[in-house]
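Below, chains carry the letters A, B, ... as their sequence lines are ordered, and counting in each starts from 1.
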Amino acid sequence: MKNFFEKWKTILFDFLTITKKPIDESLLHSVENTRFVVLDTETTGFDYDNDRMLCIGAITLKDGVIAISESFEMYIHQEHYDKSSVQIHGILRDLVMEKPSELEVLQQFLTFLGDSIIIAHHTIFDITMINRALERNGLPLLTNKTLDTAFLYKKTLIRSNILEYKDHYALDDLADKFDISKKDRHTAMGDAYITAIAFLKIVKKLKEKKRKGEFLLKDLFYY
Amino acid sequence: MKNTISHRVADFLKNFPPFTFLNQNDIEVLSEQISIIYKEKDNVIFAENDETHDSFYVVHKGAVALRKGVKNDTIDMCDEGDIFGLRPLIANENYKMEARAYEETILYSIPIDIFRPYALQNKDVGNFLIQSFASNTTNPYSESYRGKLYGETLAGDLLDNTPQILDIHPVKYSKKIVTCSSATPVKEIAQMMTKKNVGAILVVEDKLPIGIITDKDLRNKIVTGEYPITSAASVIMTSPVITYPKNLTTTQAQMAMMKSNISHICLTKDGTPNTKAVGILSKHDVMVSLGNNPAVLIKAVKRAKKYKEIKPIRASIMQLLQGYLDQNIPITLTSKIITELNDVCIQQVIAIALKKMPTPPPAKFAWLAMGSQGRSEQLLQTDQDNALVYEDVAEELKEKTQKYFLELAAHVNKGLFEIGYEYCPAEMMASNPKWCLSLEEWKKLVHHWITNTGKDEVLLSFIFFDYSLSYGDSELANKLSDYILEDIKANPVFYLHLVSGALQSPSPTGFFRQFLLEQDGANKDFFDIKRRALMPLSDAARVLILSHSVKSISNTPERFEKLAELEPQNRELYLSCAYSYKALLKFRTKQGLLHNDSGQYIALEHLTKLEKIKLKSTFKTIKELQEIISIRFNPSNIL
């Protein structure tokens, strides 16, 4: 009989520890005290294997402040070039401008990035592009936590049967809804700026929606 | 670091003083050191007596209120391009005012150490700063005029004397001057004035003003037959021109006009007729900056050529509303005037949007306001709810026509957003293809709601059936109304759904007659006056008025007054409903103005005992009304 209880105790204990996933301690900070890096890449296309990054644009965001002096914008020298994407990003192959090698840009970018949380729009694309490039250059892959404004934006929408939801919200949709100027759209840094302002407005909306307790980083990661 | 964003910042700054005095390269260098700061509404940027930051601020988007003193009076409102928080940095003293985001705001913060060398080196920058410090606000012109406007006051007196706070704008004069030469024929001049919509034209020679011709001159000298229409400008112009420097105060302008009995003043670079004209100031401009009367505001709205020009006028409308409430002017009259003004703003936005379209509309259309604006009850700015109906067109033109109106609606929705109406979170806007339909399509949709009624259809009907025409063809709107009434008559079951919808609003009070507060969300512990008190009344009024087939009355109190007429046996109740609704609306409006929001959520602890009693007395009426409709529209009584 005693054995029976002991057994159940361990089972119950295991059960409780399993369901109570340990919350990542680093996510118990406030959003304001966190350094985010908002980034966007311009690429020759959408193929992870064959296409290449032409530019990385990134800005830092901390406590609602974007310091221009702490931003990152570097164009990359690439052999691969796809004429069809030029009309989107406008980066001509022989554009006279300083274009260091991919390796050099990546090294500088990693220093700039540090362990900040990455924010982008459709983050998976930019992260994969960067990771493929890191791989090619024999550098370690990114381990940073990431957030996606395309996903977060959906969380701000009211739940209503009248409203039709889209599967994908483009950066243009967000810029229109939040009244952010679309100047410099389709430059890496211009898009990063739009994403950053959109992120701030999303956080504001999510804060209003939160039912109780302090709004913490974890509220952006778990739902 | 020079990059896309620093270019963007520089591009903005170069349009505003003192940055206008710097050369492009200096602005670029300066911009590289700037930080962009996002502030939510009501966030404090710095508090009174705070130690200074190492930067001063420029408003990029939004607005910042500078407040001071125990009463927290607004001293100044900083708009896009205005600088603030600079004087304490240079004078080395703590902040003397509080700066708080008046709405969602983006600021540029400029480090003083980077900026100081420019201020020291560049004479124009220095002068601008000295002027603005002497007058103690961001904009030297605004303060100088303000002191004069309310009589000579010392800086200290300002604290006790700031009721008309938002009046502190500099005199706005038109910088686009319409000119002609002394040989231009009068007929051509009249055509030019009509085209540019101005009341006066300046006659210039070598860019110097030598005379002026106003509407009055044309009337007195040409229309009377005194001079032929072929006369040259020099024959009828008033000469010499009365000129003043451009930083004229409103009072000075008024005095000058009275003294010389003229309606237009020419502003020149140094104030004499020997320098270039920089602007024209009309009596109308002075009236607008002096203040707020509906006629002047309507005129100002109708003159607006850009959405942006309407926004400051809307601020004046809100001020007018505050004044009406303070003076206890009946809410019916108040809401009539304010609704009229809101309508004019919407109409002007549509007129501007139409000009942006490449061609005139391919068919007749009507712009419908829904919800509270449709009921003429929208005193404060809330979300926009609107729809568009257009004439039926031939099959092959359908696609093209819808595309045109969707594009038009997108312009209008954006314009309304720019003048202060938030986008509807449920996308109930005419730019949504679901709400931009031909008359035939609308009929089909409405018929679907009426015959296949579920919860969503009731909700949609509630929002849509309160529409009123904002702009366009009244015939179209009328046809749709007629159709709705007929269709409901033919399908009485629909009433049941409407009634059950109307009875679903949550109760305002609990069992012990205590107020029921919101349980969670951002408005936890607030009383939701819209959902718990106003909506039950407006929903019930709608059902009752539809059952009498009365169209084109959409205002809730007016509906109750009409019902009192139609049903003498319930006269007393309906009148008290009308009264309650007005009282609640006034209550909500006051709360909204106090907190610069929609007034929907009320903090009970801030209400006086008397206010609470007043609120509660309206709840009894709501209950009685709900009893009446639940009995009248009982299924067995209808079918």
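How far CD1 of I36(B) is from OH of Y193(A): 4.5 Å, rounded to the nearest 0.5 Å. Note that the CG atom of N43(B) and the NZ atom of K204(A) stand 10.0 Å from one another [nearest 0.5 Å]. Taking CZ of F178(A) as the reference point, atom OH of Y423(B) lies at 11.5 Å (rounded to 0.5 Å). Rounding to the nearest 0.5 Å gives a distance of 11.5 Å between OG of S35(B) and CG of D63(A). Note that CD1 of I5(B) is 7.5 Å distant from CD1 of I66(A), once rounded to the nearest 0.5 Å. Within the model, atoms CG of L200(A) and NZ of K39(B) stand 11.0 Å from one another, a figure rounded to the nearest 0.5 Å.
When only modelled atom types and interatomic distance are considered, D184(A) and T4(B) share no side-chain donor-acceptor pair under 3.5 Å.
With hydrogens and angles disregarded, no donor-acceptor distance shorter than 3.5 Å links the side chain of K414(B) to the backbone of D176(A). Remark: the backbone N or O of K183(A) is paired with a side-chain donor or acceptor of R8(B) at under 3.5 angstrom.
Interface residue E104(B): only side-chain heavy atoms are found under 4.5 Å from chain A. Using a 4.5 Å cut-off between heavy atoms, S181(A) touches chain B through backbone and side chain atoms alike. Heavy atoms of D11(B) lying under 4.5 Å from chain A belong exclusively to its side chain. For chain A, the nearby part of L459(B) is the side chain; its heavy atoms alone come within less than 4.5 Å. No part of L157(A) comes within reach of chain B, as not one of its non-hydrogen atoms sits under 4.5 angstrom from that chain.
The nearest pair of heavy atoms linking P425(B) to I158(A) is O-CG1, 3.6 Å. The nearest pair of heavy atoms linking I68(A) to S31(B) is CD1-O, 3.5 Å.
Other residues, nucleotides and ligands place more than 12 heavy atoms under 6.0 Å from the NZ atom of K182(A). Within 6.0 Å of atom CD in Q24(B), more than 12 heavy atoms from other residues, nucleotides or ligands are found, so the atom counts as buried in its surroundings. Environment of CG in D115(A): sparse, with no more than 12 heavy atoms of neighbouring residues, nucleotides or ligands closer than 6.0 Å.
With respect to chain B, the highest number of heavy-atom pairs below 4.5 Å among G64(A), G57(A), A188(A) belongs to G64(A).
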As a quick check of understanding, evaluate side chain to side chain contact (heavy atoms under 4.5 Å, CB included) for V65(A) and Y38(B), giving each step before the final call.
CA-CA 6 Å; V65(A) 179; Y38(B) 171 84; over 6 Å; no

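By the 4.0 Å N-to-carboxylate-O rule, K205(A) lies too far from E40(B) to be salt-bridged with it.
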